[in-house]
Amino acid sequence: MSSQRNAPPAAAGPGRGPELRADCASCFGLCCVALPFTASADFAADKRAGEPCGNLGEDFGCGIHGELREKGYPGCTVFDCFGAGQRVSRETFGGRDWRGSPGEARRMYAAFPVMRQLHELLWYLTEALGRPEARRLRRELRAALNGIERLAGGDADALAGLDVAPHRQEAGVLLGRVSELVRGGVPGRGRDHRGADLAGARLGGARLRGATLRGALLIGADLSGADLRTADLLGADLRGADLGGADLTGALFLTQPQVTAARGTSATRLPASLTRPPHW
Ligand code: SF4
């Protein structure tokens, strides 16, 4: 969430512009208002959708930035809007904020989660476009990316009324074809663990290079020292998974929230587009 308000946006990786990375300084704390959360291991208190978090300051910054984990809000360190917050704040609503324009607040809260889904798709499609192995799909990828970009450029009402599911489905098929092309070139290509329940599995040192773990449940799994190079991790649930010393170089469709939700060490190797979480 806007935990990074006082920090500069993370450096853009290859092919990913700053527009797909959260820039909390250019947002009006939308994630800290629009989204609900429940008191749990991730959040120290309950909060309803549309209710500003009690830690949100008048300047839209987080009052406990830098000590979120210690104060019981690790969920805020994991959340990433993929740049949706600043786009809704600056583009969709032209710099108007929910405090100064309370009559528009509900529309802002409705547009934000839709924009986040669209920006997540843009993240995946941008990555796919940068994969040389998928060059034969570039025209289709470019068309898909432009289509999502047009939707993201819609006005607030169009965004709020948009059903992203069919667009996600369509993009998912295309990303699957990209994955096949990329992993097809991996010697001894890994196994198919799509959607597998591997929660708590002992996979330390496993050879998963080129495997597909798309949508796999890997909560608390031991992946320490695993070879996950060029593995497809789209939508894999890595919460609490041990990635200590694992090699994720070139992993497909891995996102910062997945990485931040996992555990790792200085020996963990990440794709160049992602940053090492400060708590590792
Ligand atoms: S604790 Fe509240 S203000 Fe801080 S990042 Fe989380 S939701 Fe935002």
Side-chain angles (χ1 to χ4, degrees), residues 1-12 16 18-93 95-102 104-120 123 156 159-160 219 237-240 255-264 274-280:
M1 299 202 166
S2 72
S3 55
Q4 327 238 346
R5 182 158 196 81
N6 302 317
R16 316 291 174 87
E19 68 279 4
L20 297 182
R21 294 179 182 273
D23 176 8
C24 302
S26 298
C27 174
F28 299 121
L30 282 175
C31 58
C32 307
V33 186
L35 306 181
F37 51 70
T38 305
S40 62
D42 284 329
F43 302 101
D46 290 321
K47 188 188 89 57
R48 292 191 303 271
E51 172 192 344
C53 172
N55 296 313
L56 189 64
E58 287 301 310
D59 63 349
F60 304 107
C62 174
I64 57 171
H65 170 74
E67 45 181 358
L68 282 162
R69 288 189 167 255
E70 295 79 359
K71 298 275 189 184
Y73 287 86
C76 296
T77 67
V78 170
F79 182 82
D80 190 326
C81 74
F82 295 96
Q86 69 256 29
R87 187 162 188 181
V88 170
S89 296
R90 302 292 166 184
E91 183 181 311
T92 315
F93 285 92
R96 299 185 300 282
D97 68 78
W98 47 274
R99 281 200 181 107
S101 304
E104 293 191 281
R106 290 176 71 120
R107 295 168 69 231
M108 293 174 186
Y109 305 155
F112 171 66
V114 176
M115 184 71 88
R116 183 184 182 273
Q117 292 184 67
L118 295 173
H119 267 222
E120 185 180 5
W123 172 275
L159 284 166
I219 297 172
D237 193 337
L238 290 165
R239 284 177 291 168
T255 63
Q256 194 65 49
Q258 285 172 295
V259 168
T260 307
R263 294 177 289 134
L274 302 179
T275 54
R276 192 174 306 281
H279 60 278
W280 279 16

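Hydrogens, waters and symmetry mates are skipped; everything else that's a heavy atom, side chains included, is used. Just follow the structure's listing: the first ligand is 1, and inside any ligand the first atom is 1.
- Assignment of Leu35 to the shell around ligand 1 is not supported, since no heavy atom sits closer than 4.0 Å.
- Taking the ring centre of Phe60 as origin, the terminal cationic atom of Arg99 falls inside the region bounded by 6.0 Å and 45° from the ring axis.
- The shortest heavy-atom contact between Ala156 and Ala111 is O-CB, 4.4 Å.
- Within the 3.5 Å criterion, the main-chain N or O of Val33 finds a donor-acceptor partner in the side chain of Lys47.
- Short contacts between ligand 1 and Leu68, defined as distances under 4.0 Å to a heavy atom of the residue, involve ligand atoms 1 (S), 4 (Fe).
- The distance from atom 6 (Fe) of ligand 1 to the nearest N/O/S atom of Cys32 is not under 2.8 Å.
- At least one N/O/S atom of Cys53, from backbone or side chain, sits under 2.8 Å from atom 2 (Fe) of ligand 1.
- Those atoms of ligand 1 with a heavy atom of Cys76 less than 4.0 angstrom away are 1 (S), 5 (S), 6 (Fe), 7 (S).
- Within 6.0 Å of CZ in Arg106 there are 12 or fewer heavy atoms belonging to other residues, nucleotides or ligands.
- A donor-acceptor contact shorter than 3.5 Å links the side chain of His279 to the backbone of Thr260.
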